[in-house]
Amino acid sequence: MEAQVNNMMLTNDMLSYEGFKATVLNDFRVALISRETSLLGRKEVLTGKAKFGIFGDGKEVAQIAMAKCFKAGDFRSGYYRDQTFMFATGLANVEHFFAQLYADPIEGNDPFSGGRQMNCHFATKFVDDKGNWLDLANRKNISSDIAPTAGQMVRGLGLAFASKCFRNSPSLQNLDQLSHNGNEVCFCTIGDASTSEGNFWETINAAGVLQVPLAVFVYDDGYGISVPKAFQTTKESISTVLKGFQKQNDTNGINIYRVKAWDYAGMCEVFEEAIQQMRETHVPAVFHIEEVTQPQGHSTSGSHERYKSTERLEWEKEWDCIKKMREWITTNGIATNEELDQIHENAKEDVKQQKNNAWQKYQSPIQEFVNEASELINGIMVNDVDKYNYLQQLAKELSATKDPYRRDVLSTLAKAIQTANPLSPGFEEANNYYKKLLQDNANIYNTHLYSETDKSALKVPEVKPFISFDAPSVNGYEVLNKYFDALFESNPKVFAFGEDVGKIGDVNQGFSGLQEKYGSNRISDTGIRELTIMGQGIGLALRGLRPIAEIQYLDYLLFGLQPLSDDVATTHYRTRGIQSCPVIIRTRGHRLEGIWHSGSPMGMIINALRGMYVCVPRNMVQAVGMYNTLLQSNDPGLIIECLNGYRLKEKLPANLLECTVPLGVPEIIKEGNDITIVSYGSTLRIIQEAAERLNIENINCEIIDVQTLLPFDRHHIIIESLKKTNRIVFIDEDVPGGATAFMFREVMEIQGGYKWLDVAPRTITAKAHRPSYGSDGDYFSKPNAEEIMNTIREMMAE
Ligand SMILES: Cc1ncc(C[n+]2csc(CCOP(=O)(O)OP(=O)(O)O)c2C)c(N)n1
């Protein structure tokens with residue numbers, strides 16, 4: 001039931017006038033709390049207590065209105081302006097906010113990132129400490145923010161897409177803790193300037209096609225840092241240029257709304273109605289929030305007086321959303337100026353108090369380290385007077401450090417230890433303390449790149465493929481096709497999508513016939529839009545499903561790399577393990593024909609994707625094992641199938657659904673005594689040919705398939721081979737200094753391989769240029785058997 005008072009929709013919980021008034025005044029209070037937080041936050045940075053600050057001032061009222069429609073089960077994929085939304089939904093408080101501003105790493109103080117992210121980068125917990133998904137359908141959910149502008153768009157699309165998957169999958173209806181029939185909306189926030197990014201346009205188009213409940217709120221404050229709309233947006237209005245996307249009765253598309261950032265009542269009404277409708281229809285919407293101000297400028301890094309005109313600055317003061325809300329309250333007689341002043345005073349006091357609490361909590365453990373370290377340094381006894389004085393001075397300076405960091409303590413301790421003699425009384429205590437502090441802090445900062453729960457991919461036990469004596473030999477693609485069939489039959493949480501994945505079952509027929517069998521909800525075609533295919537994968541994975549998101553060819557992974565590198569690969573790290581994004585990216589590559597179908601840019605990939613696992617199976621049976629391993633874990637992974645392997649015969653294992661490949665465990669695929677060859681993927685077939693021909697010359701090669709580049713040889717199997725052969729060559733199809741250099745470092749530096757060399761180690765790679773078209777282009781661009789044989793002969797003769 002609803003009623004209208006002063007142009008504002010009254011919902012059930014505020015039906016009485018008292019209820020209405022209390023709600024409005026509470027909204028006003030939250031807006032002021034948020035504003036005071038911004039003002040104090042900036043001061044904390046300018047006085048040196050925090051490094052950098054970015055705030056949501058000017059956007060408070062819009063977010064208050066948005067928060068009213070954000071229900072349990074909903075998701076937010078936003079950016080760094082949303083503190084008011086977080087306060088209004090009760091998902092953050094001011095103390096949390098300041099803890100993050102100070103980069104407080106102590107568990108629980110900054111519940112969003114454990115001190116790892118800049119301020120205003122929020123998150124809520126999605127998985128428990130054992131790696132199990134929480135009941136997200138009954139919670140308000142914030143997917144962890146990232147700083148790359150518009151990076152949140154593709155994730156938002158995926159979170160909304162998950163609602164569609166849940167709604168359309170009868171077999172998921174029992175997963176009530178993850179979705180209530182897909183009724184959840186994903187709120188996605190973005191600044192007006194960031195709508196210039198491709199991510200924005202790709203997302204809007206995909207949302208219009210897919211029809212998913214994505215609510216995009218564009219805060220239009222007219223600038224992207226200093227660059228005005230005239231340089232950002234055609235016609236200087238995002239809602240104007242989006243008009244062609246407007247849904248009509250008989251078309252798909254999106255709904256477009258325009259509201260004013262200072263119009264509290266208007267926004268409450270529009271959002272309420274529109275979001276409610278979206279839950280039912282799944283029609284996406286863009287809310288263009290105009291006339292937004294930015295009272296303190298973009299961030300603490302600069303001042304907006306440098307680029308805004310006096311008139312603009314004056315206008316911003318006049319149209320400040322909180323000022324306007326206050327006028328609306330008094331004009332409508334809801335409260336007096338005195339009442340509002342009192343609310344403001346209380347808000348200021350409250351924010352100050354919570355800020356002080358946060359500072360206290362942040363500083364107190366460091367102060368303890370300072371005291372303990374100073375005492376220990378004072379306690380070191382040395383005979384040399386100069387050294388003694390120096391130690392005393394170090395302790396004194398450390399104690400006197402204003403707002404000390406952990407690094408001040410560690411660095412002072414290190415200097416003291418360096419100065420003292422190991423036999424000096426007190427040395428050992430100081431040294432032990434130093435080592436412990438170093439280790440404890442490494443545990444704070446250097447953890448959670450991958451899942452550290454029972455759901456770590458590294459904990460999945462190996463199950464070898466069972467090949468019976470009468471196992472049929474089938475084409476590589478048929479191995480995958482039979483596997484995917486069994487997988488989709490057995491696990492309703494698995495979804496696959498990508499270009500040509502649906503109707504024709506992917507360009508190499510891995511999914512052939514499966515859309516017909518399992519429906520276009522489970523296995524679907526997408527547009528040519530790698531960024532948002534990744535986004536679909538991210539959103540499903542975050543919501544507890546098991547997506548396989550396909551990039552048609554490895555060369556096109558570049559288009560989808562940004563969300564993988566910035567978002568997927570950092571999810572565990574930047575949330576300190578409270579969110580997991582176990583998406584599997586499926587692609588194919590290494591070697592076929594031409595510049596853009598035979599790339600193998602593995603060096604680029606493994607350096608961009610630390611935080612994901614990178615699997616490079618040599619055949620499809622190994623690929624199946626890798627899918628199974630990843631599907632049992634919470635870790636995200638990329639599986640690169642060999643593009644030239646789909647029509648090669650393989651024995652079909654009897655345990656397709658059970659077999660697993662342990663990640664980071666190389667396999668010796670040919671034993672030998674003379675030289676160790678380290679490689680992966682389709683290059684191995686060329687190497688095998690070279691090795692067979694070298695056998696005729698009595699050169700006996702040992703060939704090692706690393707199987708996964710990330711992780712790499714966890715148990716140091718390669719060095720054991722090198723100890724036997726004393727010669728090693730790393731071969732792949734990447735550019736010189738690409739993934740071979742990575743493998744080289746792992747074996748030489750991490751495994752200490754240099755100690756076992758009789759001859760200089762080598763790498764054999766593709767040429768630095770892209771692979772030329774045709775068989776001869778391939779021969780002269782990629783490593784070939786003769787080149788490998790010549791290098792090995794050279795090494796044998798050395
Ligand atoms: C991909 C990317 N490019 C550039 C930046 C640097 N940057 C941070 S914020 C910003 C301006 C964003 O403006 P807008 O989208 O209007 O949001 P506002 O900050 O005004 O709310 C820029 C260029 C970034 N974070 N990410």
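When a ligand or atom number is given, it counts from 1 through the structure's own listing order. FYI, the numbering just counts along the sequence from 1.
A search for side chain to side chain contact (heavy atoms under 4.5 Å, CB included) contacts involving Asp566 returns Ile146, Pro148, Gln562, not counting sequence neighbours. Partners of Ala193 by side chain to side chain contact (heavy atoms under 4.5 Å, CB included), not counting sequence neighbours, listed by chain and number: Gln232.
Between Lys352 and Glu36, none of the side-chain N atoms (NZ, or NE/NH1/NH2) sits under 4.0 Å from a carboxylate O, so this pair counts as no salt bridge. A salt bridge does not link Asp110 with Arg116: every distance from a Lys NZ or Arg NE/NH1/NH2 to an Asp or Glu carboxylate oxygen is 4.0 Å or more. A salt bridge links Glu44 and Lys355; the closest N-O separation between the charged side-chain nitrogens and carboxylate oxygens is under 4.0 Å.
Protein residues having at least one heavy atom under 4.0 Å from any atom of ligand 1 are Lys59, Tyr79, Tyr80, Arg81, Ala147, Pro148, Thr149, Gly191, Asp192, Ala193, Ser194, Glu197, Asp221, Tyr223, Gly224, Ile225, Gln294, His298, listed by chain and number.
Listed by first and then second residue, the salt bridge (charged side-chain N to carboxylate O under 4.0 Å, His left out) pairs involving residues 570-583 are Asp567-Arg574 (not counting sequence neighbours).
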